> 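Dropping the structure in here first, questions after.
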Amino acid sequence: MEFNCSSPTTIPVVSTFASPFDSSAAVNGSDSTSTRKPISLWPGMYHSPVTNALWEAKSQIFERLLDPPKDAPPQSELLTKTPSQSRTSILYNLSSDYILREQYRDPWNEVRIGKLLEDLDALAGTISVKHCSDDDSTTRPLLLVTASVDKIVLKKPISVDIDLKIVGSVIWVGRSSIEIQLEVIQSTKENSDVSDSVALTANFIFVARDSKTGKAAPVNRLSPETEREKSLFEEAEARSKLRKRKRVDRREFEHGEINRLEALLAEGRIFCDMPALADRDSILLKDTHLENALICQPQQRNIHGRIFGGFLMHRAFELAFSTAYAFAGLVPCFLEVDHVDFLRPVDVGDFLRLKSCVLYTELENPDQPLINVEVVAHVTRPEIRTSEVSNTFYFTFSVRPEAKATKNGFKIRNVVPATEEEARRILERMDAEMLTRKSQ
């Protein structure tokens with residue numbers, strides 16, 4: 001992605017906590033004489049350093065979303081926009097803002113990935129709004145929601161002591177869907193080349209709905225200008241076709257696949273029927289389960305009054321990390337978010353249960369064993385005795401080399417299913433991942 005001279009003014013991110021040593025400082029550096037409503041009092045917004053910075057920078061667009069015109073007509077004519085018109089960058093001054101640094105620090109002196117996932121979703125949402133805006137205050141704005149996360153890949157560790165930049169833009173649009181690509185950039189003195197400074201890449205898919213009818217709504221067209229933008233558009237178009245093909249390919253297992261199911265279930269049956277003879281290097285999938293639950297609070301809602309998708313990703317990541325940690329016995333190293341589905345919205349007051357497990361492991365490379373973790377979020381309503389899946393998350397971890405070196409005889413175990421349903425989940429996920437790798 002090209003982020004040089006055409007990049008707009010970078011939005012600075014500052015800490016959301018006042019310094020305990022500087023009581024006179026205004027929060028977020030705001031002027032106390034400002035007549036605009038303080039951003040902390042705006043309703044329907046999940047607050048973080050990044051969401052605060054984004055809202056401050058583009059307040060007019062978002063104030064319109066908070067209070068849309070009543071009975072306003074929909075956008076009458078679609079516009080054609082370029083990727084540069086939605087391109088947005090944010091800067092974390094981690095090297096100088098020690099309060100911001102403490103908000104993002106993890107126990108290993110790196111940036112907390114869970115918080116970064118929140119920020120990526122917030123920035124992607126901002127970019128989608130910029131692309132879909134018609135700059136007409138008399139029309140009703142679109143409802144834009146995260147449909148899925150195609151891929152988030154960590155290319156190198158992200159230090160919490162070095163300034164960080166996230167840059168993103170719309171790279172593809174369909175009739176009512178938008179793909180946004182984000183890059184997290186962290187440069188060092190030894191490595192000043194932009195391509196080598198990319199620490200993480202992410203692709204978010206948003207869909208547009210009419211804010212009154214709830215039906216799919218068309219979005220502004222996209223006109224790539226540079227060769228790089230045209231290439232990204234073509235790659236995203238191919239991914240869109242691949243996603244449609246995956247949906248069509250979800251069929252009943254054929255004869256050859258039944259054999260794969262049986263092979264997966266063979267060791268699981270030994271665990272269940274003859275546990276004393278089971279392979280000590282394997283573990284049942286159900287024995288890797290972890291779970292937590294929460295009531296979704298108003299402070300976690302977005303501008304549409306529903307729970308912020310970045311918050312859900314953050315909570316899912318923390319549970320997946322803990323699952324990989326408990327499974328491996330060593331501190332895991334995050335590699336990528338393989339895929340995230342947002343199947344239904346989560347509302348304020350919902351009782352959310354997050355269930356995780358190690359779905360399967362890949363042990364072909366002993367230097368970098370892969371641990372694939374599934375997290376499923378259920379919206380549970382005890383009053384009417386229902387439970388629906390709202391989100392599915394797939395994460396891949398390995399083990400930190402320095403941690404592995406401290407443990408003699410370290411070995412990652414195989415995960416085996418005990419039921420046909422578990423075996424089917426494993427095969428479907430492995431096949432989807434294989435199809436994705438072939439397409440890259």
Side-chain angles (χ1 to χ4, degrees), residues 151 242-243 245-291 316 319-330 332 334-341 343 353-378 389 391-399 410-440:
K151 201 80 162 176
L242 178 62
R243 286 192 295 272
R245 193 160 80 242
K246 284 180 183 177
R247 287 195 289 268
V248 173
D249 285 348
R250 287 179 181 172
R251 63 194 186 284
E252 288 299 314
F253 282 84
E254 296 173 355
H255 180 69
E257 292 165 320
I258 292 293
N259 294 336
R260 294 172 66 200
L261 271 176
E262 289 297 321
L264 269 177
L265 285 166
E267 187 62 34
R269 290 196 182 103
I270 295 174
F271 264 94
C272 296
D273 299 336
M274 297 174 286
L277 301 178
D279 182 2
R280 294 301 101 185
D281 290 330
S282 298
I283 184 173
L284 286 175
L285 183 150
K286 68 182 181 65
D287 292 332
T288 69
H289 275 284
L290 287 182
E291 181 177 342
L319 182 59
F321 185 93
S322 301
T323 303
Y325 198 172
F327 172 77
L330 291 173
F334 168 73
L335 297 180
E336 62 184 39
V337 178
D338 301 311
H339 187 76
V340 179
D341 283 319
L343 304 175
R353 296 180 67 189
L354 295 166
K355 301 178 181 180
S356 69
C357 68
V358 177
L359 200 57
Y360 63 95
T361 56
E362 298 176 63
L363 309 178
E364 290 81 5
N365 181 0
D367 294 328
Q368 191 182 49
L370 302 181
I371 305 167
N372 294 275
V373 180
E374 175 191 67
V375 179
V376 182
H378 298 257
V389 174
N391 309 83
T392 57
F393 307 84
Y394 298 97
F395 300 90
T396 300
F397 297 88
S398 188
V399 176
F410 168 77
K411 191 173 184 179
I412 294 287
R413 292 197 278 179
N414 287 304
V415 176
V416 295
T419 67
E420 185 175 316
E421 184 271 335
E422 291 176 347
R424 284 174 178 265
R425 280 163 51 204
I426 292 171
L427 287 181
E428 287 176 359
R429 186 62 213 147
M430 291 174 73
D431 289 347
E433 186 61 20
M434 186 180 300
L435 193 60
T436 301
R437 290 174 183 174
K438 284 182 179 179
S439 68
Q440 292 175 342

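Below, each value reflects all heavy atoms present in this structure, side chains not excepted, and no hydrogens, waters or symmetry copies. Nothing here was measured: the structure is a model prediction, and the numbers come from that model.
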> Identify the two heavy atoms, one from L264 and one from P417, that lie closest to each other, and give their separation to 0.1 Å.
O-CD, 3.4 Å

> Restricting to non-hydrogen atoms, name the atom on P369 and the atom on S398 that form the minimum distance, rounded to 0.1 Å.
O-OG, 2.8 Å

> Could you tell me if the side chain of I412 sits less than 4.5 Å from the side chain of V399, heavy atoms only?
yes

> Between atom OG of S356 and atom CG of L290, what is the distance when rounded to the nearest 0.5 Å?
4.5 Å

> Can you tell me how far CD of E362 sits from CD1 of I371, rounded to the nearest 0.5 angstrom?
11.0 Å

> Are R429 and Y394 in a cation-pi contact, defined as NZ or CZ under 6.0 Å from the six-membered ring centre and within 45° of the axis?
yes

> Can you find a heavy atom in the side chain of N391 that is under 4.5 Å from one in the side chain of V376?
no

> Would you please test L284 and E267 for side chain to side chain contact (heavy atoms under 4.5 Å, CB included) and show each step?
CA-CA 9 Å; L284 286 175; E267 187 62 34; over 6 Å; no

> Kindly say whether L354 contributes a backbone atom to a donor-acceptor pair with the side chain of H378 at under 3.5 angstrom?
no

> Answer whether the closest heavy-atom distance between the side chains of T361 and R413 falls below 4.5 Å.
no

> Do E336 and K151 have side-chain heavy atoms sitting under 4.5 Å apart?
yes

> List the atom of E421, the atom of R425, and the distance in Å for their closest heavy-atom pair.
OE2-CD, 2.6 Å

> Can you confirm whether T323 sits close enough to F397 that some side-chain heavy atom of one is under 4.5 Å from a side-chain heavy atom of the other?
no

> Please tell me if the side chains of I426 and E374 come closer than 4.5 Å, counting only heavy atoms from C-beta onward.
no

> Apply side chain to side chain contact (heavy atoms under 4.5 Å, CB included) to the pair F271 and K286, showing each step before the final yes or no.
CA-CA 12 Å; F271 264 94; K286 68 182 181 65; over 6 Å; no

> At what distance, to the nearest 0.5 angstrom, does CZ of R424 lie from CZ of R260?
12.0 Å

> Return yes if some donor-acceptor pair links the side-chain N/O of D341 with the main-chain N/O of L343 below 3.5 Å, else return no.
no

> Set out, in order, the CA-CA distance, both residues' side-chain angles and the distance that settles side chain to side chain contact (heavy atoms under 4.5 Å, CB included) for E262 and E420, then state yes or no.
CA-CA 9 Å; E262 289 297 321; E420 185 175 316; 5.9 Å; no

> If you look at every heavy atom in A278 and I270, which pair is closest and at what distance?
CA-CG2, 3.8 Å

> What distance separates L427 CG from L359 CG, expressed to the nearest 0.5 Å?
9.5 Å

> I need the single residue from V358, T396, L335 that forms a side-chain contact (heavy atoms from CB on, under 4.5 Å) with N372. Which is it?
T396

> Show the nearest heavy-atom pair for residues L285 and C357, with the distance to one decimal.
CD2-SG, 3.8 Å

> Could you measure the distance from the CG atom of L277 to the CG atom of D273? Nearest 0.5 Å is fine.
11.0 Å

> Do the ring planes of F395 and F393 sit parallel (below 30°), tilted (30 to 60°) or perpendicular (above 60°)?
parallel

